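Structure first, then comments.
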Amino acid sequence: MSFPIYRPRRLRKNESFRRMIRETRISVDDLVYPLFVVPGSHIKSEIPSMPGNYHFSVDRLVEEVKEVYDLRIPAVLLFGIPESKDSMGSGAYDENGIIQRAVRAIKERVPNMMVITDICLCEYTDHGHCGVVLNGEIQNDETLKLLQKTALSHVKAGADMVAPSDMMDGRVKAIREILDNSGYSHVPIMAYSAKYASSFYGPFRDAAHSAPQFGDRRSYQMDPGNSQEAIRETLLDIEEGADIVMVKPALPYLDVVYRVKTELGMPTAAYNVSGEYCMVKAAAARGWIDGERAMMEMLLGIKRAGADIILTYFAKEVAARL
Ligand code: PBG
């Protein structure tokens, strides 16, 4: 293939040609929309670091989920901010906790909406870590029991799928076991398999009030330099029973998305995280970039890298545009 026989520009002549040969497209079917639920009622307040995203009380959340459903977005991912926090994150596995109530309300009012719940303790612990802390160290195996309880209580409330994001070793196995032993062998697990210790979670931690009160998450989340390890982490999760695997964040780790998808061949999700979202919003607000085009280009890049599922705060905006 060489010039002048091959002239790639022939097929870029106009939008009809471009549409005809476009290899990758974003579909509403690819999207998952994350939502934040808070105690109280009649609350819909914008999250300052994530413009266009809100804290919803359960009553207003249900209205929002209806809108999301009407846009044909297949699933929402729920994060909860509890009334109070303690060292063991007990709000996470309280039968009447914020997520448990939210799931029940959604399932009652919008039963066909797929509800995925994030399984982690960091929003519920007073120290802000994703696990039990003893002598300043995050305890792995003690945490597993609490994650099991959390997952089971979400599923009992009606969650369609659980998504462990804590990065403790063995959590997929532990959650699979408790679900299987409790009559929920049909409920899938979407594992945050390659989750990196990232600066791009900053706005989320403001939104979820989940910033660690001491130290950081580098003893459990992955080191940004590693991709071989991402394959090992993901393989572990698959062996332990993950049905969908995830890479997070998305944009700085597109090589990892590509490797996970091509080498492991699993349904693969990528989390377009809060920092990736707010960078676009902030630059667009200053007139520095075209926010809509940047959004579409980012999501397309994530899909082109191999993601089957994209968790994104842009989901509503994209769905309305498709
Ligand atoms: C909880 C969790 C985090 C995110 C999703 N689940 C924060 C963290 O690990 O600190 C980040 C999502 C985002 O930034 O959009 N562990």
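Order of listing sets the numbers, starting from 1, for every ligand and every atom in it. All heavy atoms count here, side chains included; hydrogens, waters and symmetry mates do not. Note that this is a predicted model, so its numbers are computed, not measured.
With a 4.0 Å heavy-atom cut-off, ligand 1 is reached by no atom of Asp166. At a heavy-atom distance under 4.0 Å, only side-chain atoms of Cys122, from C-beta outward, approach ligand 1.
Atoms of ligand 1 lying under 4.0 Å from any heavy atom of Phe79, numbered from 1 in the order shown and given with element: 5 (C), 6 (N). Near Arg217, with a cut-off below 4.0 Å to any heavy atom, the atoms of ligand 1 are 8 (C), 9 (O), 10 (O). Below 4.0 Å from some heavy atom of Ser165 lie the following atoms of ligand 1, by number and element: 1 (C), 2 (C), 6 (N), 16 (N). Ligand-side atoms of ligand 1 in range of Asp118: 6 (N), range being under 4.0 angstrom from any heavy atom.
Residue Asp169 holds its CG atom at 7.5 Å from CG of Leu236, rounded to the nearest 0.5 Å. Taking CZ of Phe314 as the reference point, atom CZ of Arg321 lies at 11.5 Å (rounded to 0.5 Å). Separating the SG atom in Cys130 from the CE atom in Met167 is a distance of 10.0 Å, to the nearest 0.5 Å.
Of the protein's non-hydrogen atoms, Ser274 OG, 2.7 Å is the one closest to atom 14 (O) of ligand 1. Protein heavy atom at the shortest distance from atom 15 (O) of ligand 1 is Tyr313 OH, 2.5 Å.
The closest approach between a heavy atom of Tyr271 and any atom of ligand 1 is below 4.0 Å. Put simply, no part of Glu276 is less than 4.0 Å from ligand 1, judged by heavy atoms.
Figure legend: cation-pi geometry between Lys145 and Tyr93 absent, as NZ or CZ is not positioned both under 6.0 Å from the six-membered ring centre and within 45° of its axis. Remark: Lys195 is not positioned above the aromatic ring of Tyr271, lacking an NZ or CZ atom under 6.0 angstrom from the ring centre and at most 45 degrees off the axis.
Checking Phe204, Phe200, Tyr220 against atom 3 (C) of ligand 1, the nearest heavy atom belongs to Phe204. Between atom 16 (N) of ligand 1 and the options Lys195, Lys248, Glu123, the minimum heavy-atom separation is to Lys195.
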Exercise for the section: Could you please spell out the steps behind the salt bridge (Lys or Arg N to Asp or Glu O under 4.0 Å) verdict for Arg22 and Glu15? Expected result: CA-CA 10 Å; Arg22 190 161 293 145; Glu15 186 55 13; 3.3 Å; yes
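Not one N or O of Ser210 is nearer than 3.5 Å to an N or O of ligand 1, by distance alone.
Residues Ser165 and Asp118 have side chains that bring a donor and an acceptor to within less than 3.5 angstrom of each other. Defined by atom type and a distance below 3.5 Å, a donor-acceptor pair is missing between the side-chain atoms of Asp94 and Tyr124.
A salt bridge links Lys316 to Glu67: at least one charged side-chain nitrogen sits closer than 4.0 Å to a carboxylate oxygen.
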